[in-house]
Number of protein chains: 2
Amino acid sequence: MLSLHQLRCFLATYEHGSLTAAADELGYAQPSVSEQVRALETSLGVQLFRRVGRGVVPTTVADTLRPHAEKVLAAVEEAREAVQSVKAFETGTIRFGMFGVARLYAGAGLIADVLGRYPGVRVELVGQNSTEVAEDLRRGRLEAAMLAVSGVESEGITITPVAREELVYISADPTRLTSPVTARRLAEASLVMPETTWRAEDSTRILLRQMLHETGRNPQTRIEVEDVETAVELVGLGLADSVIPRGAAEQLIPRLAPGAGWVSLRPRQWDTFAIVHRTGAVLSPAARLMIELATARIQEIAEPLARS
Amino acid sequence: MLSLHQLRCFLATYEHGSLTAAADELGYAQPSVSEQVRALETSLGVQLFRRVGRGVVPTTVADTLRPHAEKVLAAVEEAREAVQSVKAFETGTIRFGMFGVARLYAGAGLIADVLGRYPGVRVELVGQNSTEVAEDLRRGRLEAAMLAVSGVESEGITITPVAREELVYISADPTRLTSPVTARRLAEASLVMPETTWRAEDSTRILLRQMLHETGRNPQTRIEVEDVETAVELVGLGLADSVIPRGAAEQLIPRLAPGAGWVSLRPRQWDTFAIVHRTGAVLSPAARLMIELATARIQEIAEPLARS
DNA sequence: GGAAAGCATAGGACGATCCTAGGGTTCCTG
DNA sequence: CAGGAACCCTAGGATCGTCCTATGCTTTCC
């Protein structure tokens, strides 16, 4: 079996024209190098050196092998260096989950933070829909993610809240925004709801369900959409109202629904932003970095929560 | 210590997303592959796979390492192949066809060239008679040969002329060498002819036939022999005259027929030396080497022809 | 809730690696 | 030309690495 060790011994021998000198360079005893070279010769079925009393002389096969052996060892070095540089965040890909409105709070800015610190790195923010992120986490394809959650419990998943953000009622009809929206009024509203949080434990929906339950009505969600932007646009068109985090409203309404506005709920409700990862997993430095930066970003905008 | 074996285990695991499947592919038990991968991770100081209950998931570091690992293994394969292709020269037998007078021009010297470059090699110069060489070529037992030819056409055989050599009339009778020999005189001569060239298209004989035809006579070849040496010896004994390439005459007459001499024909005639091989065949490095060396030898003595 | 799939660990057999000690050959030198 | 230096080889033993089987644990699927 051809080995890197054999190639190293071969090259040292080739360069020095001597097994003894090669052994010195490599820090081995001479018979060891001799054995390695012989093993290489046997494994290739070719003589690499002619033993001529004093010293050894490379054959033409050795001449042929040499550049290839050097290339192999160079490739090994490259591999090692590539890994080390990734380890030190100089290059490579950092993958991080970020779902729903969290993206509005820390998307582009977070990437800018990472690239500012590690210019060579490639960042991947995954999260088209919450079930996909959940699956990726569960399967281990994703180390960690930043999400908006309601509860703090899940099987095999650890959820660490880092910030909270008030939920507001948004509408294009100014008459609906004159006072905080109560459960009764919410139950009567025609709503468009984006899928912004963690799985079925969507805090906004739980809230709505609770409110509606109090009023004895069924859920009245008129439209379901994937992303917040679409929901806000629909609100801007006057087709429905919605309930989203305040920061999202402040950011999106001027851009996508200039005619709309927002108002608090009564009682006030909050979405929780949290770091989510597999329970018991040892997080990589990359993941820890992303968590740190994402948390900092979120806490600049939303109200910080003490991390446990 | 990073090893090729570890890289192989890593790649198999990466591709299958499973240590068990990788072990199956490599023909090892699962714990062995597991051990190798872990050793690689330890030696690099990074985690390459996240163990996630069922199966393993590559980390971003693994993504980075993979192309490098592939490159290393590819380089190893290249090295092995390079050695194997040279090995044929080192230890194997090089067979090369060389018929008739060509042997005089490039026989021993050619073998010396080859052995000088590849001391371990065994060289076989085949070619006792032309039909045998023809058969060997046609059957593929011989990759290529150096021959004296007349034409440049043959079924399934590619003929590449490399040099030409004047044909001279040799005799032990000085009175026959006072002036160039014409067709008439040739027709009157008593000749001993060796079989020196390619099959029936023996250039010397074709020439003779043409000359004799002009004079209205039948072929007058008195003696047929296999090799030039015998023919020259017979000439030396005064039993007949002959027509052979000038280089053969210069080389053989002093040794085998000291009393004899030579003179040009009128008009002058030439034998052509050519490389012969199966049309469309891919020549081995060994064959290419022989062709190169044989051509160089021949062209040192005979008049070079541009190779097409 | 049990079966299946898949990784980790443990312990032992076997082979590879590396060392020291000593023998042989070539080449230089007095 | 004899002795020594340089250099390679062989031999034998200690140690380490590799690979196996057996088994336990977790996750996943039915």
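A note on names: the letters A, B, ... follow the listed sequences, proteins ahead of strands, and every chain is numbered from 1. Any value given below was found using the heavy atoms of this structure, including those in side chains, with hydrogens, waters and symmetry copies removed.
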Side chain of P31(B) - closest among dA10(C), dC18(C), dC9(D): dA10(C)
Y28(B) side chain reached by Q36(B) side chain, heavy atoms, under 4.5 Å: no
Atom-pair distance (CG on L40(A); P on dA16(C)), nearest Å: 15 Å
Side chain proximity check, H68(A) to V83(B), heavy atoms < 4.5 angstrom: no
Charged N-O contact under 4.0 Å between E303(A) and R164(A): yes
Nucleotide nearest L19(A) (side chain, heavy atoms from C-beta), chosen from dT10(D), dC8(D), dT21(D): dC8(D)
Touch class at under 4.0 angstrom, heavy-atom based, for T20(A) against every strand present: sugar-phosphate
Sugar-phosphate only, base, or nothing, as touched by S34(B) at under 4.0 Å among non-hydrogen atoms: sugar-phosphate
Sugar-phosphate only, base, or nothing, as touched by E35(A) at under 4.0 Å among non-hydrogen atoms: base
Nearest-Å distance for atom pair CG/C1', residues D24(A) and dA6(D): 12 Å
Any R38(A) side-chain N or O less than 4.0 Å from OP1/OP2 of dT10(D): yes
First of Q6(B) and A21(A) reached from the 5' end of DNA chain D, by closest nucleotide: A21(A)
Any H5(A) side-chain N or O less than 4.0 Å from OP1/OP2 of dC18(C): yes
N/O (side chain, S32(B)) to phosphate O (OP1/OP2, dT18(D)) under 4.0 Å: no
Q36(A), nearest nucleotide to its side chain (from dT20(C), dC19(D), dT17(C)): dT17(C)
Spacing of M1(A) atom CE relative to dC14(C) atom P, expressed in whole Å: 22 Å
Among dC7(C), dC19(D), dC19(C), the one nearest Y28(A) by side-chain distance: dC19(C)
Shortest side-chain distance from S18(B), nucleotide among dT10(D), dC7(C), dT18(D): dC7(C)
Short side-chain N/O contact from R51(B) to OP1 or OP2 of dG6(C), under 4.0 Å: no
Short side-chain to backbone donor-acceptor contact, E41(A) and L48(A), under 3.5 Å: yes
Side-chain donor/acceptor of Q299(A) to backbone N/O of A163(A), under 3.5 Å: no
Sugar-phosphate, base or nothing in reach of Q30(B), heavy atoms under 4.0 Å: base
